[in-house]
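Shown next, in structure tokens, is the structure this report addresses.
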Amino acid sequence: MKKLASYLFFFLCCGLARSELKTVRRCLRENVIVFPEQSTKNYVQLHANETMDFPGITVCLRFYTDESSRSQILFSLATPAEVNDFAISRSHANQYRLQVHGASVGFNGLPFKLTKWNSVCATWNSVRGVAQVFVDEVPSVQKAVAVKNPFKGDSKIVLGQSQKSYAGEDFNQDLAFTGFITDVHVYKEVLTPLLIKNFMEAKIKFKLGDYISWRKLKHTVAGSAAVEPRQFVTFYTNREEK
Ligand SMILES: *[C@@H]1O[C@H](CO)[C@@H](O)[C@H](O)[C@H]1NC(C)=O
């Protein structure tokens, strides 16, 4: 971990005169990541323990933003072979967009609440090749997208920025996220709607990610992005009381 941190430090320091970049693992329960400005300098990288080798995926997260008219990236997973191996974005027309193995598909009629928490889960499986997006209490239809290949290779997962290449900091500023993101979990399978509902409601103990877990998150924070306790940025709610 030290080695990776110093490597990242060296790499970015020399390239961009960045002053500090630390990778840590910690439990981010009740913490959010704040993205205060639309700049390609701000991002959070999530580090997985293992190389991907699974037939399906589920990504769940919650976001909070005051951007209604601009497309914003919520989650970006790149591999050396495919920069848009799995990405979730919200487009201007209240549409959510998924990218799977480089192919793209849009989902309409899903909720979006301005300056409130929105919970999103997106799934895709290589057996049927279908994607589905759930937002709060609404499931989308299922849509066929992408070649039916499993997820393989080393992932580079970034929050707050749309990756333009696997290497380095190469982001599309137009899609940069502003607002708050929390509770990011990545699962090596397609979760059932019941398990997804548990995540949405966050009242009972929901299933934690087995590929990326917010509760044991190895991550690197860059630029003006920052980790803050949830009750420091929004009102405290009893959402996760057991
Ligand atoms: C990754 O490895 C760490 C350290 O062994 C472990 O605590 C954590 O649960 C693992 N993360 C996932 C998502 O399996």
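Remember, it's 1-based here, ligands and their atoms both numbered in the order they're listed. Heavy atoms only: backbone and side chains are in, while hydrogens, waters and symmetry mates are out.
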**Message:** Taking the cut-offs as 6.0 angstrom to the six-membered ring centre and 45 degrees off its axis, would you call R90 and F112 a cation-pi pair?
**Reply:**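 Geometry flag: set, cation within 6.0 Å and 45°.
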**Qualifying residue for salt bridge (Lys or Arg N to Asp or Glu O under 4.0 Å) with D183, from K207, R215, R230** =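 Passing option: R230.
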**Prompt:** Quick one: do the T115 and D66 side chains pair a donor with an acceptor below 3.5 Å?
**Reply:**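 There is no such pair between these side chains.
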**Prompt:** Y211 heavy atoms, cut-off 4.0 Å: which ligand 1 atoms fall inside?
**Reply:**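 So the answer, numbered in order with elements, is 13 (C).
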**Prompt:** So which pairs with a foot in residues 207-229 pass ring pair (Phe, Tyr, Trp, His ring centres under 6.0 Å), sequence neighbours left out?
**Reply:**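 Found F54-Y211.
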**Request:** Could you find the nearest protein heavy atom to atom 5 (O) of ligand 1 and give me its residue, atom name and distance?
**Result:**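 For this ligand atom, the closest protein heavy atom is N49 ND2, 4.9 Å.
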**Request:** Closest by any non-hydrogen atom to atom 4 (C) of ligand 1: pick that one out of R25, E50, K188, R215.
**Result:**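 Heavy atom nearest to atom 4 (C) of ligand 1 belongs to R25.
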**Request:** Going by heavy-atom distance to atom 8 (C) of ligand 1, choose the closest among H185, K218, K216.
**Result:**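 The option holding the nearest heavy atom is K216.
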